[in-house]
Number of protein chains: 2
Amino acid sequence: MSRVTGKIKRMSLRYALVGLLAEEPMSGYDLTKRFAVSLANAWPAQHSQIYPELARLLDLGWIRQTGQGPRGRKVYEATPEGVSALREWLTSTEPDRTLRHEPILRAFFRWTLEPDQAAQQFRTDARAYAAKLAELEDLAGSLDWESSPADRCGRLALEAGLRLYRLLSEWAEWAAERVEAGTLDDSDPPA
Amino acid sequence: MSRVTGKIKRMSLRYALVGLLAEEPMSGYDLTKRFAVSLANAWPAQHSQIYPELARLLDLGWIRQTGQGPRGRKVYEATPEGVSALREWLTSTEPDRTLRHEPILRAFFRWTLEPDQAAQQFRTDARAYAAKLAELEDLAGSLDWESSPADRCGRLALEAGLRLYRLLSEWAEWAAERVEAGTLDDSDPPA
DNA sequence: CTATACATGTAACAAGTTACATGATTAA
DNA sequence: TTAATCATGTAACTTGTTACATGTATAG
C-alpha cells in the first residue's frame, strides 16, 4: 500500500500509535512512556517524533481526540478507519526483517585491538545485555499479562526481547572465551 | 557556557568503511558487496550512502586512494590515522545496544487480527527467518574463516547472526503455537 | 549485438535524534 | 518555594532509502 510516487513508506511508528490507541485511549505523553518501556525493545521512539505523528493521524482521521486533562493533556483513541488501516498494514505489507545492531558491527572490527582488550569488550557487552535482560524480566513480572488478548499478545512480543537479550549475552560471553583462547592471535588459530 | 553541541554522532557507517579498508584495499563497489553479504545482518548499507561517505573519509585523511581500474574503479585503503580513529571509536565510545525490529513491533498488534490469521503470520515469520538462517549458513560455510585474525573475528560476528535468526525462527514458531492454543481468544486464556 | 555485471555518482525524500522552548500541577 | 513530574510542541541536524542518471567492460 501507501505508494507515493512509487516510494514505499514504512511508517511503522504511525501504525504503532494507532495500535496502542486501539487498545486504550491515551495521551501523547502516555504513548511516549509506552515506547520507552514495553515497546523499547521493538521500536523505540521519542516524544518529538510522536507528537507530530499524532497531528498527522488526526488529519487522516485514523485517531480522534476524546478528552483532555490538566496541563493541556489531550487524550486520543483510534477510529474504526485507523484500526482498519492498521489491519491492512499487518496483512498486506511485507515486514522488514532486517537486523541492524551496532554491537555486532563493532565485533567485526575488534581484530584491530589487542586480543585482551577485544575480549574485555565482549565481556562488557555480555554484562550489558544481561542487565537489559534483567530489566525486561522485571517488566514482564510486574505486569498483568492475562487481562486481555492485547496484553497476552504483548507478552508474546516481549518474549522475543527476553530471548534476544539472553542470546546476545551468551553470544558475547562465548566470543570473549574464543578470543581468550587465541582466536584473534596472529599465530595459528586454536583447534 | 560551552553549548558546543553535545550532539553525539554515531557514524557507524564511517567507521565500518575504515574497518573494511584496514583489512584489505577495496573499491566502493567492493565495499557495497561486503555490506550486502557479510555485514548485511549487522549494518546494511546501500552504495548511495557509501560513495558520499568515502568522499568524506578521503577529506578527513582516514582513507587514501591507492589505485584504479577499468570503468573508473577506484581502490582505497585505510590510513594509519583512519585505523587510529577506528580504535578510538571502539574503545572510547559506548555502543548503542538498542534493538529495533519491525516484526516484533508487528507482533504487538496481532491481537487486532483473527487468531487464525495471527498464527499464520507468526508461521510466515518463522519460515522467513529459517530461510535467512539457511542463507547465512551457506555464507558461513563458503568462506575461509581461518586465514587471518580479521576473518576469524568476522566469524565471531557472523555467529551472532546465525544465532539470532535461529532464535527468531523458534520464537515465531512458539508464538504461532501459543496463538493456536487460544492465547489471543477473547475468552479465558489456556493454562 | 546485447544482456549482464561492473562502476560511480547525485537528488529527493523519509525517518530518527538531540536540543530548544514553554508552561502547568503537584508533592516535599 | 522549589524541585520533580507532567505535558506539548518545534527546530536543526543526521542517517538511511529509493530513484534518477550515466557510462564501461565482458561474456554469450
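Letters go in sequence order (proteins before strands), and every chain restarts at 1.
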(request) Let me know, please, whether Leu13(B) or Lys74(A) comes out on the 5' side of the other along DNA chain D by nearest nucleotide. (result)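 Looking at the nearest nucleotide for each, Lys74(A) comes out on the 5' side.
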
(message) Classify Arg14(B) by what it touches in the nucleic acid, base, sugar-phosphate, or nothing, heavy-atom distance under 4.0 Å.
(response) nothing

(request) Please work out if Ser27(B) contacts a base, only the sugar-phosphate, or nothing of the nucleic acid, heavy-atom cut-off 4.0 Å. (result)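 Counting heavy atoms under 4.0 Å across all strands, the contact made by Ser27(B) is with sugar-phosphate only.
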
Within this structure, what is the [atom1]-to-[atom2] distance between [X] and [N], rounded to whole angstrom?
| X | N | atom1 | atom2 | value |
| --- | --- | --- | --- | --- |
| Arg73(A) | dT26(C) | CZ | C1' | 15 Å |
| Met26(B) | dA7(C) | CE | P | 13 Å |
| His47(B) | dT22(D) | NE2 | P | 14 Å |
| Arg56(B) | dT8(C) | CZ | P | 17 Å |
| Asp96(A) | dA14(C) | CG | P | 17 Å |
| Leu17(B) | dT15(D) | CG | P | 13 Å |
| Asp30(A) | dT8(D) | CG | P | 7 Å |
| Glu53(A) | dT17(C) | CD | P | 14 Å |

(message) On the nucleotide dG16(D), are OP1 or OP2 found under 4.0 Å from the side-chain N or O atoms that Arg100(A) carries?
(response)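 Answer yes for this pair, as a side-chain N or O of Arg100(A) is under 4.0 Å from OP1 or OP2.
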
(request) Using only side-chain N and O atoms of Tyr51(B), determine if any of them is under 4.0 Å from OP1 or OP2 of dT8(C). (result) yes

(request) Please determine, for the side chain of Met11(B), which listed nucleotide (dG9(C), dT18(C), dT15(D)) has the closest atom? (result)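 Nearest to the side-chain atoms of Met11(B), counting from C-beta on, is dT15(D).
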
(message) So for Ser48(A) and dT18(C), does any side-chain atom that can act as donor or acceptor lie under 3.5 Å from a complementary atom in the base?
(response) yes

Under a 4.0 Å threshold between the charged nitrogen and the carboxylate oxygen, would [Y] count as salt-bridged to [X]?
| X | Y | answer |
| --- | --- | --- |
| Glu137(B) | Arg166(B) | yes |
| Lys132(A) | Glu135(A) | no |
| Arg155(B) | Glu159(B) | yes |

(request) Return the orientation label for the Trp89(A) and Tyr15(A) ring planes: parallel under 30°, perpendicular over 60°, tilted otherwise. (result)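 Answer is parallel, since the angle falls under 30°.
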
(request) Identify, between Lys33(B) and Gln49(B), the residue whose nearest nucleotide on DNA chain C lies closer to the 5' end. (result)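 That would be Lys33(B).
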
(message) By nearest heavy atom, map Arg71(A) and Arg10(B) onto DNA chain C; which one lands nearer the 5' end?
(response)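 The answer here is Arg10(B).
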
(message) Heavy-atom count check: over 12 atoms from other residues, nucleotides or ligands less than 6.0 Å from Gln68(B) CD?
(response)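 Open: at most 12 neighbouring heavy atoms sit under 6.0 Å from CD of Gln68(B).
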
